[in-house]
Protein chains: 2
Amino acid sequence: MHQYGGMDPSTNEDGVGLAFALMASAARMVERIDDGVARRGFTDVRPTHGFAFAFLAAGGGTITGLAAHLGMTKQAAAQLVDEMETKGYVRRGPHPRDARARLVELTDAGRACMRAAEEAAAEAAGAWSGALGADRMVRLRRDLEHMAGDGPLRPMW
Amino acid sequence: MHQYGGMDPSTNEDGVGLAFALMASAARMVERIDDGVARRGFTDVRPTHGFAFAFLAAGGGTITGLAAHLGMTKQAAAQLVDEMETKGYVRRGPHPRDARARLVELTDAGRACMRAAEEAAAEAAGAWSGALGADRMVRLRRDLEHMAGDGPLRPMW
DNA sequence: ATGCATTGGTCAAGCCTCTTGACCATGAGG
DNA sequence: CCTCATGGTCAAGAGGCTTGACCAATGCAT
């Protein structure tokens with residue numbers, strides 16, 4: 001028998017229930033956002049791109065920085081940027097302070113796509129808020145943020 | 001401008017915040033469970049296997065059923081079962097009522113691995129419960145279950 | 001009974017995203 | 001300077017999934 005906070009084994013089911021609820025609701029959220037983004041005309045982006053957009057939104061970033069943020073190798077990040085550049089969401093330029101590096105920035109299309117994702121997220125949250133009530137929604141988000149901690153957010157979709 | 005429940009655009013940020021909190025906490029949960037399962041000696045299983053275990057736990061199932069439950073093709077499910085069979089977590093036998101089908105069942109090792117996952121989930125939930133308080137934890141789970149709905153739970157890890 | 005579309009499963013090939021490994025160019029500190 | 005760390009790229013390959021073709025058992029309707 002292992003230690004897990006001195007809990008009674010009969011509470012295993014509670015942990016499992018919470019885990020499933022968490023994973024399922026996160027999955028629904030991703031589905032809804034992806035769907036909403038597609039309905040707004042951006043059919044060639046995947047959830048991972050959203051995480052990249054979020055990182056690049058504030059003034060752009062480097063391949064290496066993006067890789068660290070997404071928890072992947074810089075080769076994979078470079079490939080992702082290649083793809084986004086081809087699709088017109090991102091632009092590579094010289095880095096102002098480091099000739100080795102290249103600054104990756106969102107284009108207008110990239111920002112438009114990000115706004116679409118934000119709208120889709122708000123739409124999804126609004127639907128749940130309508131069912132749960134705004135105050136419960138606020139608590140929910142606060143509790144989730146506590147569980148999430150400050151660590152990096154790796155995409156897994 | 002699109003419709004999303006008549007919300008003010010300034011609330012976009014709330015939707016995004018909720019979405020990130022949801023995805024990050026789900027990711028943490030998966031990490032913790034995966035880690036706890038590994039610490040209990042099962043180092044050759046991935047999160048996806050857990051979803052398969054959960055489906056097979058109640059009397060076993062068929063490849064096709066598993067595929068539907070996991071939201072993947074039956075070829076992919078068959079491959080997953082091959083792997084779990086090789087690792088000793090699962091056993092293929094004849095199906096009692098259909099000679100075409102083969103019944104996939106958990107072995108003792110499979111059940112032991114599932115218990116390890118349940119313990120790890122309870123451990124993770126316990127840690128959060130200790131910080132948030134049991135009553136908030138109950139509300140959290142209930143609200144999440146509401147968001148999750150009844151649809152199938154596709155693994156994405 | 002028999003004919004035939006349906007369903008469970010497998011084999012084979014390929015795709016997509018990510019990884020590992022090797023490498024070049026610039027930067028930074030002694 | 002010389003050296004090592006760092007940003008980026010090229011090349012090859014692994015892993016987990018898909019599509020496509022196929023066989024065998026089923027079950028329903030003649």
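It should be emphasised that the depicted structure is a prediction, and the values quoted were computed from it without experimental measurement. Convention: sequence-line order gives letters A, B, ...; per-chain numbering from 1.
Here the P atom of nucleotide C/dC15 and the CD atom of A/Glu83 are 16 Å apart, to the nearest Å. Between the C1' atom of D/dG7 and the CE atom of A/Met72 lies a distance of 17 Å, rounded to the nearest Å. To the nearest angstrom, P of C/dC16 lies 15 Å from CG of A/Leu80. Taking atom CD of A/Gln79 as the reference point, atom P of D/dG13 lies 16 Å away to the nearest angstrom.
One finds a salt bridge joining B/Arg141 and B/Glu145 here, because a Lys/Arg side-chain nitrogen approaches an Asp/Glu carboxylate oxygen to under 4.0 Å.
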Donor-acceptor list for residues 130-139 of chain B side chains, cut-off 3.5 Å, not counting sequence neighbours:
from: B/Arg136; atom 1: NE; to: A/Asp143; atom 2: OD1; distance (Å): 3.1
from: B/Arg136; atom 1: NH2; to: A/Asp143; atom 2: OD1; distance (Å): 2.4

Between B/Arg111 and B/Asp108, is a salt bridge (Lys or Arg N to Asp or Glu O under 4.0 Å) present by the stated rule, with each step listed?
CA-CA 5 Å; B/Arg111 274 183 290 271; B/Asp108 288 344; 2.9 Å; yes
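Position along DNA chain C of the nearest nucleotide to A/Arg97 versus A/Ala76 favours A/Ala76 as the more 5'-ward residue. When each of A/Gly71 and A/Ala99 is assigned the nucleotide of DNA chain C bearing its nearest heavy atom, the one mapping closer to the 5' terminus is A/Gly71.
Counting only residues at least two apart or in different chains, salt bridge (Lys or Arg N to Asp or Glu O under 4.0 Å) contacts with residues 43-58 of chain A comprise A/Arg46-A/Glu83. Annotation: salt bridge (Lys or Arg N to Asp or Glu O under 4.0 Å) contacts involving residues 69-79 of chain B, sequence neighbours excluded, are absent.
With sequence neighbours left out, the side-chain hydrogen bond (donor to acceptor under 3.5 Å, both in side chains) criterion links B/Glu85 to B/Arg92.
The shortest non-hydrogen separation linking A/Val37 to A/Ala117 is CG2-CA, 3.5 Å.
With a 4.5 Å cut-off on side-chain heavy atoms, A/Val104 and A/Leu66 do not count as touching.
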Quick one, give me the B/S/- string for nucleotides 6-11 of chain C, reading 5' to 3', where B means a protein heavy atom under 4.0 Å from the base and S means that only happens at the primed atoms, P, OP1 or OP2.
-BBBBB
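Using a 4.0 Å cutoff on non-hydrogen atoms, the parts of residues 41-58 of chain B near DNA chain D are B/Arg46, ordered by number.
Between B/Thr73 and D/dC17 there is no side-chain N or O to OP1 or OP2 distance below 4.0 Å.
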